[in-house]
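Counting starts at 1 for both ligands and their atoms, following the listed order. Given the structure is predicted, the values throughout are model-derived calculations rather than measurements.
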Amino acid sequence: MSLRVGVVGGGQLARMMIAPAVELGVELRVLAEEEGMSASLAATAVGDYRDAETVLAFARDVDVITFDHEHVPQDVLATLVDAGVAVHPGPDALRFAQDKLLMRARLQELGMPQPAWASVETVDELQAFIDQQGGRAVVKTPRGGYDGKGVRVVSAGVEAEDWFATLAEDARGGALLVEELVDFSRELAQQVARRPSGMVRAYPVVETVQRNGVCAEVIAPAPHGNERLQQVAAQIGVAIAEGLGVTGMLAVELFETTDERLLVNELAMRPHNSGHWSQDGAVTSQFEQHLRAVLDLPLGDPSPLSEWSVMVNVLGGPAEGSLGERFSAAMTEHPAAKIHTYGKAPRPGRKVGHVTAVGDDLDEVAYQARAAASFFLD
Ligand code: ADP
């Protein structure tokens, strides 16, 4: 009997689960938000993921429900669980990826290293935290942020007045998250897979490079990472996966501070941009691993295939035409680079694809990935 996985959300993460699903003999179905999305080639339904009946009807024909994003509301998830649907990651874990305030509180209980933080409900409370931190802090909307939207460096409480006003209009009420402005030397990410019956596997910790709050490049493993860094990052990832009961892939975004501590920035409970390198650079890609994990199958080996992998995002794409029109030049010049496209129309700032190169010489690998990716930009 073939196993069926239902993915809620039709973005590029769902799209990149399609190839490994075919290889594994898993039937992948997608509930897409609209026609023509990245994962539309596997879409069996188009509908609103905020509507419990729509998601439940989609879930009836699959063995497990998983996600392309973390925006499915808790009441919809509860409906699925009440109806006996297997949901991975489950709502009790997913809420910590949906709400950064809940995440901070829970990570504190687990004793995880993280920036100093507070929940603030007024401009005055925010100002008090800023004063405590020497005049600057990072304020965040707890829900719905991505790619740096919903993150603001402030030096006065009034700079978040508009966000407090929006919260006041929200029937759920609520607070903003404020954090110390971390003096980090670089950003890292740790991927961990966990299956419901408990097995966990940690990928090597990677370095992520952000530009304008968006991930631009990932180097795997993180350069200059000694064994201690690898171990500490993996321990944090595994402790969070187990402590929160995560099932499927977990990405833990980390800051490495100038005094060599690791602090948890945020969590994603799904395949993540920082793990795309694994498609070409690891024995088991994060997309295959996610499918194995949510189906409670034995996990694959997360080891790297080569010394280095570098993944470069194609942000925006060409001003005119499609990515495909640039294939010929990119492929001719860089035959070893692996090109991945998301079936999206180019638009400034949009993630439309990525390029990965692997090999034993980091400078050469980084050059190949960057140069091949540049063919898709103007
Ligand atoms: P998003 O949910 O939009 O990805 P993040 O919380 O990951 O938001 O923040 C986006 C970026 O902002 C981070 O990658 C980091 O560069 C910067 N940032 C976030 N929190 C802090 C902090 N406490 N100190 C310093 N920089 C931060």
Side-chain angles (χ1 to χ4, degrees), residues 9 11-13 67-72 94-108 112-120 126 129-155 157 159-160 163 166 174-191 205-219 222 233 236-237 240 249-276 311 313 315 349-351 354:
Q12 65 260 27
L13 301 177
F67 310 97
D68 168 77
H69 56 71
E70 43 264 319
H71 306 312
V72 179
L94 201 56
R95 64 199 173 104
F96 299 111
Q98 292 177 322
D99 186 314
K100 290 178 183 175
L101 273 171
L102 285 181
M103 174 197 75
R104 285 280 173 243
R106 185 74 184 108
L107 292 183
Q108 189 163 311
M112 290 294 112
Q114 50 179 352
W117 67 280
S119 167
V120 287
L126 175 56
F129 185 90
I130 295 168
D131 293 343
Q132 231 177 53
Q133 291 296 322
R136 290 216 294 169
V138 181
V139 62
K140 302 184 178 184
T141 53
R143 286 184 286 261
Y146 65 97
D147 287 350
K149 295 175 185 63
V151 174
R152 222 179 253 176
V153 178
V154 293
S155 46
E159 290 172 44
W163 281 354
T166 310
L176 296 177
L177 168 64
V178 61
E179 298 174 357
E180 76 176 281
L181 179 63
V182 176
D183 184 16
F184 60 81
S185 49
R186 58 179 176 166
E187 296 189 61
L188 305 173
Q190 174 67 52
Q191 257 86 30
V205 67
V206 302
E207 178 173 344
T208 66
V209 180
Q210 337 284 325
R211 284 187 205 114
N212 305 319
V214 182
C215 175
E217 196 171 299
V218 172
I219 306 170
I236 291 172
I240 293 175
M249 285 299 304
L250 166 72
V252 182
E253 295 181 14
L254 297 158
F255 297 126
E256 185 177 34
T257 63
T258 45
D259 55 354
E260 292 193 357
R261 287 174 306 134
L262 295 184
L263 302 175
V264 177
N265 175 26
E266 67 165 345
L267 309 177
M269 295 177 193
R270 50 171 169 75
H272 188 251
N273 201 166
S274 59
H276 290 356
M311 189 270 345
N313 274 338
L315 293 170
R350 195 179 203 197
K351 287 177 183 168
H354 66 269

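- Distances from atom 19 (C) of ligand 1 to the heavy atoms of E187, E179, K140 show the closest one on K140.
- Under a cut-off of 6.0 angstrom, the local environment of CD in Q210 is crowded, with over 12 non-hydrogen atoms contributed by other residues, nucleotides or ligands.
- Two residues are said to be in side-chain contact when any heavy atoms from C-beta on lie closer than 4.5 Å; K140 and V178 fail this criterion.
- Checked against a 3.5 angstrom limit, the closest N/O atoms of Q210 and ligand 1 fall outside it.
- Of all atoms in ligand 1, listed by their number and element, those nearer than 4.0 Å to a heavy atom of K100 are 1 (P), 2 (O), 5 (P), 6 (O), 8 (O).
- R136 has no carboxylate O lying under 4.0 Å from a charged side-chain N of E180, or vice versa, which leaves the two without a salt bridge.
- Looking at residues two or more places apart in sequence or on another chain, you find a side chain to side chain donor-acceptor pair (under 3.5 Å) between R261 and D259.
- Residue-ligand proximity, E180 to ligand 1, at heavy-atom distances under 4.0 Å covers atoms 22 (C), 23 (N), 24 (N).
- When each atom of ligand 1 is checked for a heavy atom of F255 under 4.0 Å away, the hits are 15 (C), 18 (N), 19 (C), 20 (N), 21 (C), 22 (C), 27 (C).
- The distance from ligand 1 to the heavy atoms of E266 drops below 4.0 Å at these ligand atoms: 1 (P), 2 (O), 4 (O), 5 (P), 7 (O), 8 (O).
- Within ligand 1, counting atoms from 1 as listed, the ones closer than 4.0 Å to a heavy atom of E253 are 7 (O).
- Side-chain contact between F67 and V72 is present, with heavy atoms from C-beta onward closer than 4.5 Å.
- Below 3.5 Å of separation, one finds an N or O of V182 facing an N or O of ligand 1.
- When non-hydrogen atoms are compared, ligand 1 lies under 4.0 Å from neither the backbone nor the side chain of V153.
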Worked verdict on H272 versus E253 for side chain to side chain donor-acceptor pair (under 3.5 Å)
CA-CA 10 Å; H272 188 251; E253 295 181 14; 3.1 Å; yes
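- Ligand 1 places these atoms under 4.0 Å from at least one heavy atom of F184: 16 (O), 25 (C), 26 (N).
- In this structure, R152 does not pair ionically with E159, as no charged nitrogen and carboxylate oxygen lie closer than 4.0 Å.
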